[in-house]
There are 2 protein chains.
Amino acid sequence: MALDRLLELTVLLNDDMTNALRREGLTVARTHLLWALHQRGPCTQRALADELNVTPRNITGLVDGLTETGHTRREPHPTDRRSTLVTLTPTGALVMKGMARGRLSLATRLFGELSPAELEAFAGTAAHVSARLRDALATEDER
Amino acid sequence: MALDRLLELTVLLNDDMTNALRREGLTVARTHLLWALHQRGPCTQRALADELNVTPRNITGLVDGLTETGHTRREPHPTDRRSTLVTLTPTGALVMKGMARGRLSLATRLFGELSPAELEAFAGTAAHVSARLRDALATEDER
DNA sequence: TATTGTTATACTCTATAACTATA
DNA sequence: TATAGTTATAGAGTATAACAATA
């Protein structure tokens, strides 16, 4: 059944992500945070908490770790002295650029043998599934 | 790009799984263990460690938790006094039966609107991607 | 009074290493 | 000597609650 394949794929992707990141001294959770910074630029921890859907306390820990490894830096907020701005260090920015390239090459290797039509069909279906997921889980409680 | 959709889907599925399971007092890791028991019947902890690809120490913790919540039980191995056989309690077996049904109904809701041809194409592509993933990650190190 | 980030505390998953009981 | 499972220890991710500084 398709769902089983999908779940299996989920597990595989997750494990592979974890292992690949460990080789760079990163974790999945920390990489999500880096990715958010890469896309949005400097953020307050509050904004990161909202973006990643975790508690502010959790962000404190993730930024602690990333700052210790030299990927991020805490800077004072220019107008609000309660806030800190989390920014990518040059190293952190480099790592994220490499990661963007890595995703591209992984995609090429994974999907490279598919015809454009197949690719389109797959992406369309994935989008469809993604959209339905929301509705489905809103009513999953009666299970 | 298709990979982005796939990763997004991975994250969504993962979060949803986590939340759905929390409503039943379970976690993803513990459910993997229950699923293995559901499919293979009573297992030694060693066998579970191999099946889930985690350390024996980790299995000790998971079985501790599941036994405390009444999903599993430890029984003496009939011939090897070093081993314990982990079994599903009646409650645990019931939960897993419900989960098998739940997966079916979730699949129906997610994929129900797709034509058989679309479903087949999606499943085929997922299998293809799954297979390629192995090769791809064996050579991902040059990144 | 409300918000930002922290400290305090706790639980789960995970790993390695040392140890006990058995094989 | 090797194997099954445990205790000991540690680190990461996550949560809630109480608190300090600031708005």
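First the proteins, then the strands, lettered A, B, ... as listed; each starts at 1.
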Visitor: Between D:dG11 atom C1' and A:Arg30 atom CZ, what is the distance in whole Å?
Guide: 9 Å

Visitor: I need the NE2-P distance between B:His77 and C:dA23, as an integer number of Å.
Guide: 10 Å

Visitor: Could you check A:Arg81 against A:Val28 and say which one's nearest nucleotide on DNA chain D is further toward the 5' end?
Guide: A:Val28

Visitor: If only side-chain N and O atoms of A:Arg57 are considered, is one of them under 4.0 Å from the OP1 or OP2 phosphate oxygen of D:dA15?
Guide: no

Visitor: What do you reckon, are the aromatic ring centroids of B:His38 and B:Trp35 less than 6.0 Å apart?
Guide: yes

Visitor: Check the distance between C:dC13's C1' and A:Arg22's CZ and give it to me in whole angstrom.
Guide: 13 Å

Visitor: For B:Val86, which of B:Leu62, B:Leu48, B:Leu34 qualifies under side-chain contact (heavy atoms from CB on, under 4.5 Å)?
Guide: B:Leu48

Visitor: Phosphate oxygens OP1/OP2 of D:dA4: is one of them under 4.0 Å from a side-chain N or O of B:Ser83?
Guide: no

Visitor: Judged by atom type as modelled, is there a donor-acceptor pair below 3.5 Å linking the side chain of A:Ser83 to the main-chain atoms of A:Thr44?
Guide: no

Visitor: Give the rounded distance in Å between these two atoms: CD of A:Gln45 and P of C:dT3.
Guide: 17 Å

Visitor: When you measure from the side-chain N and O atoms of B:Asn58 to the phosphate of C:dT14, is any distance below 4.0 Å, counting only OP1 and OP2?
Guide: yes

Visitor: For a quick test of reading the model: is some side-chain N or O of B:Thr60 closer than 4.0 Å to OP1 or OP2 of D:dT6?
Guide: yes

Visitor: For B:Ala29 and for A:Asp64, find the nucleotide of DNA chain C with the closest heavy atom, then tell me which residue's nucleotide is more 5'.
Guide: A:Asp64

Visitor: Tell me whether the side-chain N/O atoms of A:Thr27 come closer than 4.0 Å to OP1 or OP2 in D:dA12.
Guide: no

Visitor: Considering every strand and a 4.0 Å limit on heavy-atom distances, what is the contact class for B:Thr18: base, sugar-phosphate, or nothing?
Guide: nothing

Visitor: Are any of B:Thr55's side-chain N or O atoms less than 4.0 Å away from OP1 or OP2 of C:dA15?
Guide: yes

Visitor: Is a donor-acceptor pair below 3.5 Å formed from side chain A:Arg82 to base C:dT3, judging by atom type as modelled?
Guide: yes

Visitor: Over how many whole Å does the gap from A:Asp80 atom CG to C:dA2 atom P extend?
Guide: 17 Å

Visitor: Would you mind telling me which of D:dT6, D:dT14, C:dA15 lies closest to the side-chain atoms of B:Pro56?
Guide: D:dT6

Visitor: What residue among B:Val63, B:Leu21, B:Leu66 forms side-chain contact (heavy atoms from CB on, under 4.5 Å) with B:Arg30?
Guide: B:Leu66

Visitor: Taking CG from A:Asp50 and C1' from C:dG5, how many angstroms apart are they, rounded to a whole number?
Guide: 13 Å

Visitor: Can A:Thr67 and A:Thr72 be counted as having a side-chain donor-acceptor contact under 3.5 angstrom?
Guide: yes

Visitor: Rounded to whole Å, how long is the line connecting atom CG of B:Leu21 with atom C1' of C:dC13?
Guide: 15 Å

Visitor: Starting at atom CG of B:Leu62, determine the distance to atom P of C:dT14, rounded to an integer number of angstrom.
Guide: 6 Å

